[in-house]
Amino acid sequence: MEGDELVRVLTALASPQRLRILAVLAEGRRYVTELARQVGLSRPLVHAHLSKLAAAGLVSSETELSDEGHAMRYVSVTPFSLRLTPQVIAAAVATLAAPDQATSKTDEENVR
C-alpha cells in the first residue's frame, strides 16, 4: 500500500463514528436513512462520514429507485484487509508525497 493511501485509510478508521458505520455495514448494505438511525447520527453527518470512508476506498454506494419512485442511496463495505506491521509502515513511508505536495490540511485536521 502506498503511503498516501495508508494515511487516508488510517485517517478514515480513526473515528469512532466511522467505525460504528463500518460495523453496521459489515452486516449488509443499508440505505443512508436506515444507517443514520442505526448509528444514532443525522443523515448529513452520516453523509460526511461516508464521504471520508469512500475516499479511503472502504465503502461504495449505489442509488436505486424505491417502489414509490424515490431515489435511495445504498451503501456497502468494500472488502478490505489491513495488516499493519513496522515493515509495511516503512515501505509506505518511502512512497509518501513530499510535505509541499500534500494537502494544505494540518496534521491535527488529518487526525480527525
Side-chain angles (χ1 to χ4, degrees):
M1 182 178 287
E2 296 287 318
D4 295 327
E5 180 184 0
L6 180 60
V7 169
R8 274 191 302 278
V9 169
L10 293 177
T11 299
L13 294 173
S15 162
Q17 291 84 2
R18 289 191 286 274
L19 290 177
R20 286 185 190 97
I21 289 169
L22 286 175
V24 169
L25 293 175
E27 299 169 1
R29 77 182 195 146
R30 299 285 192 278
Y31 61 94
V32 174
T33 301
E34 177 186 21
L35 180 59
R37 276 191 297 244
Q38 288 184 302
V39 297
L41 298 172
S42 68
R43 283 187 325 164
L45 192 52
V46 168
H47 278 286
H49 285 300
L50 289 172
S51 293
K52 196 126 186 150
L53 290 167
L58 301 174
V59 299
S60 60
S61 66
E62 58 188 9
T63 302
E64 295 180 11
L65 288 179
S66 69
D67 293 337
E68 297 81 27
H70 301 294
M72 298 176 68
R73 181 175 170 206
Y74 283 90
V75 185
S76 57
V77 172
T78 302
F80 67 93
S81 176
L82 183 61
R83 184 165 192 265
L84 203 54
T85 65
Q87 293 78 16
V88 168
I89 292 172
V93 165
T95 66
L96 283 171
D100 59 339
Q101 294 175 348
T103 62
S104 61
K105 292 182 178 180
T106 65
D107 287 340
E108 183 176 316
E109 289 175 314
N110 286 328
V111 171
R112 292 185 197 146

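Atom CZ of R43 and atom CZ of R37 lie 9.5 Å apart (nearest 0.5 Å). Rounded to the nearest 0.5 Å, atoms NE2 (H47) and CG (L50) are 7.0 Å apart. Between S60 atom OG and L25 atom CG the span is 9.5 Å, to the nearest 0.5 Å. Taking CG of L22 as the reference point, atom NE2 of H49 lies at 11.0 Å (rounded to 0.5 Å). Atoms CG and CD, on L10 and E5 in that order, are 10.5 Å from each other to the nearest 0.5 Å.
Across all their heavy atoms, G69 and L65 have their closest contact at O-CD2, 3.6 Å. Pairing each heavy atom of S76 with each of R29, the nearest pair is CB-CB, 3.7 Å. Across S61 and R73, no two heavy atoms sit closer than the pair OG-NE, 3.3 Å. Scanning both residues, A12 and L58, for their nearest heavy atoms gives CB-CD1, 4.0 Å. In this structure, T63 and A71 approach most closely via the heavy-atom pair CG2-CB, 3.8 Å.
Using modelled atom types, one side-chain atom of T95 and one backbone atom of G3 make a donor-acceptor pair closer than 3.5 Å. Judged by distance alone, with hydrogens and angles left aside, the side-chain atoms of R30 form a donor-acceptor pair with the main-chain N or O of G28 at under 3.5 Å.
Both L19 and V32 belong to a common hydrophobic cluster when Ile, Leu, Val, Met, Phe, Trp and Tyr are linked at side-chain heavy-atom distances under 4.5 angstrom. One hydrophobic cluster holds both L45 and L13 under the rule that ILVMFWY side chains link at heavy-atom gaps under 4.5 Å. Linking Ile, Leu, Val, Met, Phe, Trp and Tyr whenever their side-chain heavy atoms come within less than 4.5 Å puts V24 and L41 in one cluster. Linking Ile, Leu, Val, Met, Phe, Trp and Tyr whenever their side-chain heavy atoms come within less than 4.5 Å puts M1 and L53 in one cluster. Under the 4.5 Å side-chain heavy-atom criterion for Ile, Leu, Val, Met, Phe, Trp and Tyr, Y74 and V59 are members of distinct hydrophobic clusters.
Between I21 and V75 the shortest side-chain heavy-atom distance does not fall below 4.5 Å. By the 4.5 Å heavy-atom criterion applied to side chains, E2 and D4 are not counted as neighbours. No side-chain heavy atom of V39 sits under 4.5 Å from any side-chain heavy atom of Q17. With a 4.5 Å cut-off on side-chain heavy atoms, L82 and L6 count as touching.
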Would V88 and R83 count as a side-chain contact (heavy atoms from CB on, under 4.5 Å) here? Give the steps. CA-CA 8 Å; V88 168; R83 184 165 192 265; 5.7 Å; no

